[in-house]
Structures are given as structure tokens and as C-alpha cells.
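See structure below.
For reference, positions follow the sequence shown, starting with 1.
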Amino acid sequence: MKLSKIFSWAFLIILMYAAQTSLLPYIGYNGISANLMLLLTVSTAFLNGYKHGVLMGLATGFLQDVTTGSYFGCTIFSYMLIGWLFGKFSERIFKEQLLFPVLSAPIAAFMHCSIMAVLIYLIGYQIDLTYGVQNILQPMIFYQIVFSWIVYKIVYNFDKFLKRRDY
């Protein structure tokens with residue numbers, strides 16, 4: 001991968017993270033809003049395969065772990081696993097179809113929350129699953145569905161632009 005392409009993807013990641021942390025909290029519900037980093041990872045995995053999905057999961061998870069100050073490595077692991085899994089399906093889907101990424105957004109949100117809950121439980125903390133499902137997972141799934149088409153379209157057009165420019 002060329003250095004200019006890496007910088008282009010890094011710019012998109014930073015732009016999406018800036019939108020996630022500065023704009024989306026205004027429309028959030030009880031501090032929960034769309035997770036654009038997760039949607040970016042899933043969209044990249046669908047478009048470019050599991051290797052790019054894992055790399056995007058590493059980059060977006062690292063950015064979130066470093067800036068949030070939570071359990072370092074948990075988000076990285078979760079995003080990389082999700083990027084790998086959804087990237088494995090990339091050969092079997094039609095890239096221009098927008099329905100599959102929209103349908104996969106709640107699955108990815110559920111997987112991320114489940115992985116995080118298991119990891120936090122393994123660290124030794126107690127988890128209230130009822131509270132987590134009602135107050136974190138349900139609003140997150142709603143926002144993921146709403147923003148999934150927008151993020152997929154941005155990533156799709158960005159990827160087409162980079163391939164056309166032959167970076």
C-alpha cells in the first residue's frame with residue numbers, strides 16, 4: 001500500500017472520529033450515539049476484504065482506546081475481530097448493494113457490546129446485562145442503523161476515488 005493511500009485513509013479516520021466526538025453527542029441519547037469507528041471498520045471490511053478490515057479495526061480501535069482512557073486493547077481486539085469477520089463476507093456480497101451494510105450494522109453493534117462485556121467480565125468487574133441492553137445496546141443499534149448507510153456511502157465513494165486516482 002502506498003504511503004499516500006495510508007495518509008488518505010488516516011485523514012478519513014480522523015475526520016470521522018472528529019465527527020463522532022464533536023457532532024454526534026448533540027443528537028445522542030443518554031450519552032449514547034452512533035459509533036462511526038465501528039461503521040468505518042465494517043464498511044472497509046466489506047469493500048476491501050478481511051485484511052483491510054483488520055487494519056482498519058486496529059487503527060480505529062487504537063484511536064478510540066488512546067483517547068477514551070478505558071481498558072486499553074479491548075476496543076482494538078473487538079474492532080479487529082469484527083473487521084476480520086465482516087471482511088470474510090466481502091467476497092460474497094455485491095459491493096454496490098446498500099442493504100447488507102445497513103443490516104449488518106446492528107449485528108456489528110451487538111458483537112462489539114458482547115465482546116466488550118465479556119472482556120470486562122474477564123477482567124473481574126460485575127456487569128448488569130439488563131441495564132446494558134436497555135440503556136446502551138438498544139440506542140446504539142438505533143443510531144448504527146440510521147448512520148450505516150451514510151458511512152458506507154462515504155467509504156464507498158472514498159474507496160472509488162482512491163482507486164480511480166491509483167494511489
Side-chain angles (χ1 to χ4, degrees), residues 1-87 90 95 98 101-113 115-116 119-120 132 135-165 167:
M1 191 181 308
K2 293 184 180 179
L3 195 58
S4 58
K5 191 172 184 177
I6 292 170
F7 282 129
S8 299
W9 280 108
F11 176 74
L12 180 66
I13 292 169
I14 292 169
L15 193 67
M16 292 289 240
Y17 190 72
Q20 176 177 320
T21 56
S22 61
L23 300 175
L24 292 184
Y26 290 113
I27 60 170
Y29 173 76
N30 286 340
I32 305 297
S33 62
N35 188 341
L36 297 182
M37 298 293 99
L38 182 60
L39 291 173
L40 186 62
T41 300
V42 171
S43 298
T44 305
F46 275 141
L47 290 172
N48 297 316
Y50 71 94
K51 290 180 184 177
H52 284 95
V54 169
L55 285 174
M56 185 60 74
L58 175 68
T60 56
F62 180 78
L63 182 62
Q64 268 193 307
D65 274 348
V66 166
T67 56
T68 59
S70 64
Y71 306 105
F72 188 78
C74 292
T75 308
I76 296 171
F77 175 72
S78 175
Y79 285 4
M80 287 176 68
L81 187 62
I82 291 169
W84 175 79
L85 183 67
F86 284 99
S90 70
K95 307 285 191 236
L98 296 175
V102 170
L103 293 177
S104 66
I107 297 169
F110 177 77
M111 286 176 60
H112 173 63
C113 288
I115 292 169
M116 293 298 287
L119 290 175
I120 291 171
N135 297 314
I136 296 172
L137 185 61
Q138 287 177 351
M140 185 181 185
I141 285 176
F142 170 75
Y143 284 117
Q144 293 297 91
I145 291 170
V146 169
F147 282 93
S148 62
W149 183 82
I150 298 167
V151 172
Y152 184 77
K153 197 68 174 162
I154 289 170
V155 173
Y156 177 77
N157 289 331
F158 186 76
D159 191 52
K160 271 180 41 177
F161 171 76
L162 289 180
K163 286 179 181 174
R164 200 172 45 237
R165 297 278 307 206
Y167 276 139

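Looking at heavy atoms from C-beta onward, Asp159 lies in side-chain contact with Lys163 at the 4.5 angstrom threshold. Between Ser78 and Ile82 there is a side-chain heavy-atom pair separated by less than 4.5 Å. Residues Phe46 and Ser104 meet the side-chain proximity criterion, which asks for heavy atoms closer than 4.5 Å. A heavy-atom distance below 4.5 Å is found between the side chains of Phe110 and Leu137. Under the 4.5 Å side-chain criterion, counting only non-hydrogen atoms from C-beta, Phe62 is in contact with Phe72.
When all heavy atoms are compared, the tightest approach of Gln20 to Gln64 is NE2-NE2, 3.0 Å. Taking all atoms of both residues into account, the shortest heavy-atom contact from Gly61 to Thr75 is CA-CG2, 4.0 Å. Nearest heavy-atom pair across His52 and Asn48 is ND1-O, 3.4 Å.
In this structure, a donor-acceptor pair under 3.5 Å is absent between the side chains of Thr60 and Tyr17.
Considering only residues two or more places apart in sequence or on other chains, Leu103 meets the side-chain contact (heavy atoms from CB on, under 4.5 Å) condition with Leu99. With sequence neighbours excluded, no residue satisfies salt bridge (charged side-chain N to carboxylate O under 4.0 Å, His left out) with Asp65.
The aromatic rings of Tyr152 and Tyr156 lie parallel to each other, with less than 30° between the two planes, well short of the 60° mark. In this structure, Trp9 and Phe158 have perpendicular ring planes: the angle between them is above 60°, well past the 30° mark.
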